[in-house]
Amino acid sequence: MDAASAAETLNKDHLMGIGNARKRKEDPRFIQGKGRYIDDIKLPDMLFAKMVRSPHGHARIKSINTQKALGLPGVHAVLTANDLKPLKLHWMPTLAGDVQAVLADEKVCFMGQEVAMVVADDRYIAADAADLVEVEYEELPVIVDPHKALLPDAPVIREDLAGKSEGAHGKRTHHNHIFTWEVGDREAADRVFGQAAVTVKETMTYQRVHPSPLETCGCVASFDKVKGELTVYLTSQAPHVVRTVVAMLSGIPESSVHVISPDIGGGFGNKVGVYPGYVVAIVASIVLGRPVKWVEERIENLSTTAFARDYHMTGELAADRNGRIKALRVHVLADHGAFDACADPSKWPAGFFSICTGSYDIPAAYARVDGIYTNKAPGGVAYRCSFRVTEASYVIERMVDVLAQKLDLDKAEVRLRNFIRPEQFPYRSSLGWEYDSGNYPAALQKVLTAVDYSGLRREQAEKRARGELMGIGLSTFTEVVGAGPRKTCDILGIAMFDSCEIRIHPTGAAIARFGTKSQGQAHETTYAQILATEIGIPSDVIQIEEGDTDTAPYGLGTYGSRSTPTGGAAAALAGRKIREKARKIAAHLLEVSAEDLEWQGDRFQVKGVPDQAKTMKEIAWAAYNNLPEGMEPGLEAVEYYDPPNLTFPFGAYLCVVDIDRHTGEPKVRRFYALDDCGTRINPMVIEGQIHGGLAEAFAVAMGQELVYDDSGTLQGASFMDYFVPTAVETPYWETDYTVTPSPHHPIGAKGVAESPHVGGVSAFSNAVIDAFAHLGVTHLSMPYTPWRLWQKIHDLGLDKRSG
Amino acid sequence: MGDKNVLRFTLNGRQVEVLAEPRELLVHVLREQLGQTGTHIGCETSHCGACTVDLNGESVKSCTVLGVQAEGAEIITVEGLAKDGKLHPVQEGFMQEHALQCGFCTPGIMVRAFRFLNENPDPSDEEIRLGVSGNLCRCTGYQNIVKAVRYAANKLKAARAQA
Ligand code: FES
Ligand code: FES
């Protein structure tokens, strides 16, 4: 065996480091029912809370009568806005610079809005009592359509903002207007459009959806009156930020606030924000001096916490006759609901939407996003994507197809003609991003070969001739993930870095703690692999902990695929600090100078003398008893990592769909997903993340939608109506990869778990629309339910033909 | 509210006795009275299957069964799958094939898979998909769940051949 493959064997097989498909460290507890999720937490004397919610989309509250509820045996309190007012907690800041009513203050602005909280001995009594709270409403006119919200005489949704012409993101021009965000050079783009040989334009709605993790949101708040300490267990993807916010709102010193995220049953962006239920449960615990548990029901989850998308977009491309794109223009009407409770970095009201030039070298671009209030649930979170990247990717991937159709060019060919070329990296986009690395043509070519693309197109032509509907959808997306850097990204003023703290014990085992928080992404497994490779001790003896803000170093949490780009980088650099100290200890033990040593994966060896070496295990022991003069004992390191840039994972996806022209039923026959996330830490985990993200993309494209009627009533917010595919509908996934490391990340890794969602949605969409492309169809709105597709088929008269 | 009744049943091979209100759901009896929190709750409309338990040899959604209906029953939950410190092949399969991520759906799906393989010891992939279609998973995209059930089927088959 040569040296390189020996090192590889040591790293992968012995240490189970980077590259090993190691089984998950989390699994033994989960497969034996020993996970500890929020609703599993039971404290002595704990009470249960239940929200009373508005049945109306927009109404004035005339009175709230809590007498009957309070009269029910077992009920301890019913809190309303009036109880929170003396504490100044009836409103709270949102992450987006807006404020949100914690409990409705005189009026409700969306169906399901929090009006009162009942606290009782058990959840049954709490539910009974919630029904006994009598609220008298006077209904007001409702606006659910963002296009109508800006009409001069549209109802005023946010009376609390009366007279405020300046919002957190600049001027407000109308009572239902939140912000206008512009990026790019409008004049330059307009000039190109004015002279272009070809232009295309398409309007498209990215419907309102919900991340709906299988576990809903919840918390257990426990205030200790004697010590003046508050402990909050909650389903948070960002527990440190919650601690800071709770300390700021409550006035309790941050050192006396203990926030703990236990095991989390999926997040997908749903568990980033701070919700009224958490706040009122905390107040209830402070008031009553007893622990209070509040856990959402599914219907509450789907109808109140954290919707995503609701972007109404118009995309335009200017190109030459060969399909070379010269300019892009995008306009978005962004429906944020009744409060702007988007979970984006503070200075980014439309998140990273400016990644909408995608994988293409587009010389001129301009994008504008107008944020609007409507009488719908608040939010605008990143559902399995970096902030608004899914929307951005969708508009460009759709527009490239529209352009190809207009020019009668092949959809793969148009992409190849416009890709940023490998030699252009690092690449600065016309909307200001510096793409770190990529090789787009190689990725797409690999997919086209693997699926026999030209064979598929031939088959499609034959099918079309027979009147059958077959679509081939491509998506060659680029994401931007891993926020910071600190200088551009913050949450409520806290810079977006992340952290790792590691301690090596005398026996050579270790514990490492992080500021991120897994919700199923296997951090306990993969962070240990990074550390194993960096430090040279087996990942099996490296314990990873996250979520307890008392013990973990401060961090901004897990969303926007930021754990590997930031926490993973922090792990690598903390590991290197350990190794540097270890080198000095080894030099001391071997009585040579540190420069005479070389790192061998798990030991320091005197250069060229293999039997003169000290393993990390030996060095760890020495760190506690035999150190060089003047060195402090122990072997520990901490790293707060401020990324120099974001990372830009990419992929090439291809979807083949057959649509039954009599029933409208779409059947995904094939889905081929090639991802490039740079260095691959655990191939098994990556593949699992890809499968999961694709399934969620399938759900969004094929069935998910939160629909409001004109009265502001949400039409179906349970798993009865809101589409979550089962194993039967979910397609079979084929995965593939290329590796283009990130040049600025310590181990070359990028984020991965959101790529399949970002790239997947447009691949499904492009496939379905491609099935109708030969009939002049350039766009169809998601979700592609059989009913919706059948209507199109019927309009086109396709179902009438014989055969 | 009603008076509490004494309720007796067998849970994972052990006789248990609890006081429960007539309206109390089985899932709450298991989780809150008996502290068996492996069985989860993901909805209130009987759709997600996170609460699946085995009741008298059938998979049921314990959020849709009253505690009192379990009087005298034999119940198996995720906590009862492993025997004598040895994982059940279904559990082993889930770990080997990476069939779980957040783990919230996992107990319900495994308990269902356990019963399903009794009903159909040699299923096709399609039959597996149908067999677990009462259970939703938001994380895995199901493909590895199918593999895990297949893994367990093979392992159980091999054990039967040995016996
Ligand atoms: S909890 Fe969802 S089916 Fe029982
Ligand atoms: S593993 Fe998270 S819901 Fe299935």
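Bear in mind that the values here come from a model prediction, so they are computed numbers and not experimental data. Here is how names work: the chains are called A, B, and so on, in the same order as the sequence lines, proteins then strands, and each is numbered from 1.
For chain A, the nearby parts of B/Gln96 are the backbone and the side chain; heavy atoms of each come within less than 4.5 Å. With a threshold of 4.5 angstrom between heavy atoms, B/Ser133 approaches chain A through its backbone and through its side chain. Heavy atoms closer than 4.5 Å to chain B are found nowhere in A/Leu302, neither backbone nor side chain. Proximity to chain B (any heavy atom under 4.5 Å) is restricted, for A/Arg123, to the side chain, taken from C-beta onward. At a 4.5 Å heavy-atom cutoff, the contact between B/Phe104 and chain A is made by backbone and side-chain atoms alike. Residue contact with chain B, scored on non-hydrogen atoms closer than 4.5 Å, is absent for A/Asp263. Interface remark: A/Phe268 contributes side-chain atoms only to the contact with chain B (heavy atom separation under 4.5 Å). Neither the backbone nor the side chain of B/His88 comes within contact range of chain A, judged by heavy atoms closer than 4.5 Å. Heavy atoms of A/Ser212 lying under 4.5 Å from chain B belong to its backbone as well as its side chain. Residue A/Tyr37 touches chain B through its side chain alone, counting heavy-atom pairs closer than 4.5 Å. With a 4.5 angstrom heavy-atom cutoff, A/Ile264 touches chain B only via backbone atoms. Residue B/Glu97: no heavy atom, backbone or side chain, is found under 4.5 Å from chain A. Using a 4.5 Å cut-off between heavy atoms, A/Pro28 touches chain B through backbone and side chain atoms alike. For chain A, the nearby parts of B/Leu100 are the backbone and the side chain; heavy atoms of each come within less than 4.5 Å.
The two atoms that bring A/Val724 and B/Arg138 nearest to each other are CG1-CD, 3.6 Å, heavy atoms only. Considering all non-hydrogen atoms of both residues, B/Cys102 and A/Gly265 come closest at SG-C, 3.4 Å. Taking both residues in full, the closest heavy atoms of B/Glu21 and A/Asp122 are given as OE2-OD2, 4.3 Å, listed atom of the first, atom of the second, then distance. Taking each heavy atom of A/Ala727 and B/Val132 in turn, the nearest pair found is CB-CG2, 4.1 Å. The minimum heavy-atom distance linking B/Leu136 with A/Pro725 is given by the pair CD2-O, 3.9 Å. B/Leu25 and A/Tyr124 make their closest contact through N-OH, 2.8 Å (heavy atoms, listed as atom of the first residue, atom of the second, distance).
Between A/Ile31 atom CD1 and B/Ile109 atom CD1 the span is 14.0 Å, to the nearest 0.5 Å. Distance check, rounded to the nearest 0.5 Å: CG of A/Asp40 to CD of B/Glu32 gives 10.0 Å. Taking SG of B/Cys48 as the start and CD of A/Glu215 as the end, the distance is 11.5 Å to the nearest 0.5 Å.
The neighbour count for B/Glu126 CD, taken as heavy atoms of other residues, nucleotides or ligands under 6.0 Å away, does not exceed 12. Counting non-hydrogen atoms of other residues, nucleotides and ligands closer than 6.0 Å to CZ of B/Arg160 gives a total above 12. Within 6.0 Å of atom CD in B/Glu58, 12 or fewer heavy atoms from other residues, nucleotides or ligands are found, so the atom counts as exposed in its surroundings.
Remark: side-chain polar atoms of A/Arg24 are not paired, donor with acceptor, to backbone N or O of B/His98 under 3.5 angstrom. Judged by distance alone, with hydrogens and angles left aside, the side-chain atoms of A/Lys23 form no donor-acceptor pair with the main-chain N or O of B/Met95 at under 3.5 Å. Judged by distance alone, the side chain of B/Gln143 and the main-chain N or O of A/Trp733 form a donor-acceptor pair under 3.5 Å.
Tested against B/Gln101 for a side-chain contact (heavy atoms from CB on, under 4.5 Å), the candidates A/Gln519, A/Gln689, A/His691, A/Gln521 yield a single pass: A/Gln689.
Ranked by non-hydrogen atom pairs under 4.5 Å with chain A, the options B/Ile128, B/Thr106, B/Thr140, B/Val78 are led by B/Thr140. For chain A, the option among B/Thr45, B/Val146, B/Ile145, B/Thr77 with the highest count of heavy-atom pairs below 4.5 Å is B/Thr45.
Residues B/Gln91 and A/Gln32 meet the side-chain proximity criterion, which asks for heavy atoms closer than 4.5 Å. Two residues are said to be in side-chain contact when any heavy atoms from C-beta on lie closer than 4.5 Å; B/Arg129 and A/Thr730 meet this criterion. A/Asp39 is listed as a side-chain neighbour of B/Arg31, based on a closest heavy-atom distance under 4.5 Å.
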